[in-house]
Amino acid sequence: PEYAEYDRITPMDLGKIKEERPYLADTLSLYERYSGFKALVYNLVEVRAYHDEKCYPPELIEPVFNAFSSSFEIPDESLAALKDAMRFGGINLSGLPAKITAASETFSENEHEGIIFLISKPYFLWLRHSRGLNKSFWTDGRCPVCRSIPSVASLDAEGKRQLYCSFCETPGYFSRLGCPVCLKSETCRINIIEAEDEAGFRVETCDSCGSYIKSITSPEILNKYPFDLADIVSLPLDIIAQEKGYRRSSPNTLGMKKML
């Protein structure tokens with residue numbers, strides 16, 4: 001499939017969102033850069049070429065890093081060590097949802113993890129399409145494609161809950177009740193956080209494991225935004241949940257996990 005299925009938000013749309021939510025202007029500008037990078041890289045090769053790959057193949061590493069450097073205006077030399085690590089097998093992208101381990105003299109640990117996450121996004125989209133597991137049931141609360149832990153969910157018009165993977169963007173169904181992170185089903189351990197300025201969203205925290213899931217409760221939200229952008233525009237709810245001591249289990253589409 002072509003990238004067009006992901007490309008339904010235009011710069012004009014983002015400009016309107018910035019007017020509505022000026023406090024997110026910088027984050028939305030980063031999202032625009034990220035969308036441009038994802039579009040550039042996604043169409044470089046056919047999806048089937050990545051079914052068994054654990055990283056980008058050698059012939060794509062240079063084009064991927066060139067696209068990343070130009071999209072985010074990061075000097076090539078700042079990415080040289082990371083590029084070499086990927087070229088010589090030092091980075092296994094398929095293992096990122098479990099743990100990111102890498103060192104950098106140029107960037108902080110959080111910056112480095114964020115860069116690796118962003119660079120990996122087209123890889124995970126290829127992985128998703130090669131496996132065709134959209135809207136399957138997430139039996140153990142983990143993405144069936146890449147094993148990522150979810151941080152975003154939605155409720156459809158029938159009250160069914162879908163989880164969304166931050167890495168490969170695979171959606172899938174899960175039990176309406178309980179925590180998909182620790183799989184505990186005691187409703188007395190689940191708390192709901194809502195904010196007046198974030199209509200259509202809520203946070204469900206779990207006192208058993210200390211995590212939270214951000215839920216899109218209005219189907220109209222996903223008619224207006226793709227789920228990854230809905231996650232970004234509701235960022236204030238992440239801040240509220242984290243101020244209360246709960247943790248996000250996986251990053252948003254820009255690699256942001258800790259908001260404080």
Side-chain angles (χ1 to χ4, degrees), residues 1-7 9-11 14 26-132 143 145-148 165-170 226 228 232 250-257:
E2 294 296 316
Y3 181 81
E5 67 178 280
Y6 300 102
D7 198 25
I9 296 294
T10 67
L14 287 174
D26 290 343
T27 305
L28 290 168
S29 293
L30 184 61
Y31 180 87
E32 187 171 6
R33 290 177 180 272
Y34 150 77
S35 298
F37 164 71
K38 192 165 64 167
L40 281 173
V41 176
Y42 185 81
N43 289 319
L44 283 175
V45 298
E46 295 180 357
V47 174
R48 64 174 180 268
Y50 286 80
H51 185 72
D52 297 317
E53 297 282 355
K54 293 183 179 180
C55 192
Y56 294 113
E59 67 272 15
L60 266 191
I61 291 176
E62 191 71 31
V64 166
F65 274 84
N66 287 343
F68 186 84
S69 178
S70 63
S71 297
F72 290 93
E73 296 183 352
I74 297 176
D76 291 338
E77 57 269 22
S78 298
L79 300 170
L82 181 56
K83 187 193 303 183
D84 286 343
M86 193 171 292
R87 182 181 288 121
F88 295 112
I91 295 176
N92 175 5
L93 292 182
S94 66
L96 292 192
K99 189 176 183 181
I100 296 175
T101 55
S104 172
E105 296 181 358
T106 306
F107 304 102
S108 69
E109 182 178 351
N110 286 340
E111 289 172 338
H112 202 216
E113 289 185 1
I115 287 172
I116 296 174
F117 176 83
L118 289 169
I119 286 176
S120 76
K121 286 290 291 186
Y123 163 83
F124 281 105
L125 291 177
W126 286 322
L127 200 63
R128 165 192 169 184
H129 284 294
S130 73
R131 298 188 177 176
C143 173
V145 173
C146 68
R147 305 302 297 160
S148 172
C165 177
S166 298
F167 285 81
C168 66
E169 302 185 9
T170 297
D228 65 341
I232 295 298
S250 56
N252 64 24
T253 199
L254 298 179
M256 302 165 65
K257 192 173 177 180

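Keep in mind the model is a prediction, meaning the values are calculated, not measured.
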Between Ser148 and Cys143 (side chain of the first, backbone of the second, donor and acceptor by atom type, cut-off under 3.5 Å), is there such a pair?
no
The side chain to side chain contact (heavy atoms under 4.5 Å, CB included) partners of Pro63 (sequence neighbours excluded) come to Leu44, Leu60
Going by the rule ring pair (Phe, Tyr, Trp, His ring centres under 6.0 Å), which residues pair with Phe37 if we only count those two or more places apart in sequence or in a different chain?
Phe68
CG-CG distance between Leu254 and Asp228, expressed to the nearest 0.5 angstrom
8.0 Å
Starting from the C-alpha separation in whole Å, work towards a yes-or-no answer on side chain to side chain contact (heavy atoms under 4.5 Å, CB included) for Val41 and Phe65.
CA-CA 9 Å; Val41 176; Phe65 274 84; over 6 Å; no
Given side chains that start at C-beta, do those of Lys257 and Glu113 come closer than 4.5 Å, heavy atoms only?
no
Less than 4.5 Å apart, any side-chain heavy atom of Asn66 and any of Leu40?
no
Pairing of Glu169 and Lys121 as salt bridge, 4.0 angstrom limit:
yes
Between the main-chain N or O of Ile119 and the side-chain N or O of Tyr56, is there a donor-acceptor pair closer than 3.5 Å?
yes
Phe117 ring center within less than 6.0 Å of Phe167 ring center
yes
Rounded to the nearest 0.5 Å, what separation is found between the CG atom of Asp76 and the NZ atom of Lys83?
5.5 Å
Nearest heavy atoms of His112 and Leu82, plus distance in Å:
NE2-CD1, 3.8 Å
Atom OG in Ser94, atom CG in Leu127: separation rounded to 0.5 Å?
8.0 Å
If you measure from CZ on Phe72 to OG on Ser78, what distance do you get to the nearest 0.5 Å?
14.5 Å
Quick one: NE2 on His129 to OG1 on Thr170, what's the gap to the nearest 0.5 Å?
8.5 Å
Do Ser71 and Tyr34 have side-chain atoms, one donor and one acceptor, less than 3.5 Å apart?
no
My understanding is that only residues two or more places apart in sequence, or in another chain, count here; which of them pass side chain to side chain contact (heavy atoms under 4.5 Å, CB included) with Ser120?
Leu93, Leu96, Phe124
Checking side-chain contact (heavy atoms from CB on, under 4.5 Å) against Tyr31, which of Ile232, Asn252, Asp26 comes through?
Ile232
Could you grab the distance from atom CG of Leu30 to atom CE of Met256, nearest 0.5 Å is fine?
8.0 Å
Find out whether Lys38 and Leu118 are in side-chain contact, i.e. whether some heavy atom of one side chain is under 4.5 Å from a heavy atom of the other.
no
Tell me, do Cys168 and Leu125 make a side-chain contact under 4.5 Å, heavy atoms counted?
no
Might you point out which heavy atoms bring Leu14 and Glu32 nearest each other, and give the distance in Å?
CD1-CB, 3.6 Å
